Amino acid sequence: MSILFKYLYRVYQLCVAVPLALVATILTALVTTVGCTLGNGHFWGYYPGRWWSRIVVSLFLIPVKVEGRENMEPGQSYVFVANHQGAFDIFLVYGYLGRNFKWMMKRGIMKIPFVGFACKAAHHIFVDRRSPAKMKETYEGARRTLQSGMSVVVFPEGSRSFTGHMGVFKKGAFTLADELQLPVVPLTINGSFDIMPRTRDWHWVSWHPLTLTIHQPIYPVDKGPRNVQAIMHQSYDSVMSSLEPRYQGFVENPNQ
């Protein structure tokens with residue numbers, strides 16, 4: 001990227017992309033909240049967020065490529081598990097996965113103005129790690145969502161990467177899939193770390209293409225701890241296989 005393009009892109013962000021993205025965020029939050037309160041929560045809890053994500057990605061002129069949508073079956077409930085590279089993971093998955101779902105997200109998101117309230121109204125699942133009882137409530141909520149026929153999206157690393165590499169996967173999502181005998185679909189995200197890693201939150205967006213790879217579903221072949229471990233390892237290997245070579249290989253994430 002040339003120096004001229006870099007600074008022209010920053011001027012564009014300051015004058016166009018950021019103000020319009022903020023307006024879109026507030027409007028989407030309001031539409032989601034009102035829609036979920038008065039109407040169909042499955043519709044209003046998903047489609048405004050999907051459109052918002054696509055608008056934000058378009059405003060920042062980020063090209064998106066999606067591979068593997070043919071791997072998903074219509075009407076099938078899935079547990080989607082993805083690597084967590086950066087803030088733009090949300091826009092990529094929400095806007096371009098092409099499947100209605102609920103997020104499993106950090107409880108801290110509830111504190112974000114407008115966004116937190118909209119997520120609560122849409123019945124996304126907040127992961128509460130304050131105590132074992134709170135964690136149990138979290139997974140009971142996720143279980144009810146999956147039993148209703150909805151899919152969920154989980155970042156099993158638990159937090160964004162500091163390096164672009166993957167950390168370890170926690171087993172919660174895989175245990176849920178095992179209990180309900182549902183397929184797990186690994187997702188590989190590329191490009192988000194280059195756009196805005198967690199070390200540069202609230203800084204300039206760097207232009208970089210985004211790619212979402214939807215892998216083949218992994219169906220349960222057993223039930224119990226061995227099945228959980230097998231699906232978790234297979235999912236990890238699938239996600240890793242499509243990462244850009246410079247981000248392949250395990251790197252410990254210190255705050256997992």
Side-chain angles (χ1 to χ4, degrees), residues 18 20-57 59 77-82 84 86-160 170 172-173 175-177 179-180 182 187 189 192 196 198 201-202 255-256:
V18 171
L20 291 179
L22 287 173
V23 171
T25 299
I26 294 170
L27 289 176
T28 300
L30 293 174
V31 168
T32 298
T33 302
V34 173
C36 289
T37 302
L38 301 179
N40 186 325
H42 285 333
F43 179 91
W44 294 104
Y46 170 66
Y47 284 98
R50 182 186 182 191
W51 300 328
W52 165 70
S53 297
R54 287 177 170 250
I55 287 168
V56 171
V57 169
L59 283 172
S77 180
Y78 292 114
V79 177
F80 293 98
V81 295
H84 204 0
F88 271 70
D89 296 346
I90 306 300
F91 305 125
L92 179 62
V93 175
Y94 216 162
Y96 297 91
L97 178 60
R99 181 60 62 106
N100 199 332
F101 65 87
K102 299 298 182 186
W103 288 103
M104 287 187 71
M105 58 180 63
K106 285 187 173 182
R107 183 174 173 273
I109 291 175
M110 293 178 67
K111 299 177 182 178
I112 300 175
F114 295 100
V115 173
F117 199 77
C119 288
K120 186 175 180 180
H123 298 290
H124 292 300
I125 303 156
F126 294 98
V127 179
D128 193 338
R129 296 192 175 96
R130 290 178 295 174
S131 70
K134 294 293 185 182
M135 281 300 297
K136 184 179 179 181
E137 288 179 17
T138 295
Y139 283 102
E140 284 176 353
R143 189 178 294 109
R144 288 192 296 270
T145 295
L146 289 164
Q147 288 173 331
S148 73
M150 185 68 66
S151 296
V152 298
V153 174
V154 186
F155 295 117
E157 294 168 272
S159 57
R160 288 173 291 161
K170 294 179 172 67
T175 300
L176 273 175
E179 288 179 10
L180 301 175
L182 290 173
L187 306 173
I189 294 169
S192 181
M196 185 178 285
R198 65 184 300 177
D201 280 347
W202 308 109
N255 75 335
Q256 280 194 313

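For clarity, every value in this text was computed on a predicted model and none was experimentally measured.
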Working to the nearest 0.5 angstrom, can you tell me the gap between [X] [atom1] and [Y] [atom2]?
X    : Y    : atom1 : atom2 : result
L146 : L180 : CG    : CG    : 6.0 Å
Y46  : C36  : OH    : SG    : 14.0 Å
H42  : K102 : NE2   : NZ    : 6.5 Å
I90  : H84  : CD1   : NE2   : 5.5 Å
I55  : R50  : CD1   : CZ    : 12.0 Å
L38  : W44  : CG    : CH2   : 9.5 Å

Inset, instruction - Check for a donor-acceptor pair, side chain of H124 on one end and backbone N or O of C119 on the other, with a separation under 3.5 Å. - result: no
Practice prompt. Kindly state whether the ring of F101 and the ring of Y94 have centres lying under 6.0 angstrom apart.
Written response: yes
Kindly give the heavy-atom pair with the smallest separation between [X] and [Y], and that separation in Å.
X    : Y    : answer
P156 : A82  : CD-O, 3.3 Å
G158 : K170 : CA-NZ, 4.2 Å
S77  : L182 : O-CD2, 3.9 Å

For the residue pair W51 and Y47, does the interplanar ring angle fall in the parallel (under 30°), tilted (30 to 60°) or perpendicular (over 60°) class? tilted
Could you tabulate the donor-acceptor pairs under 3.5 Å formed by side-chain atoms of residues 24-34, not counting sequence neighbours?
from: T25; atom 1: OG1; to: A21; atom 2: O; distance (Å): 2.8
from: T25; atom 1: OG1; to: W52; atom 2: NE1; distance (Å): 2.9
from: T28; atom 1: OG1; to: A24; atom 2: O; distance (Å): 2.7
from: T32; atom 1: OG1; to: T28; atom 2: O; distance (Å): 2.8
from: T33; atom 1: OG1; to: A29; atom 2: O; distance (Å): 2.8

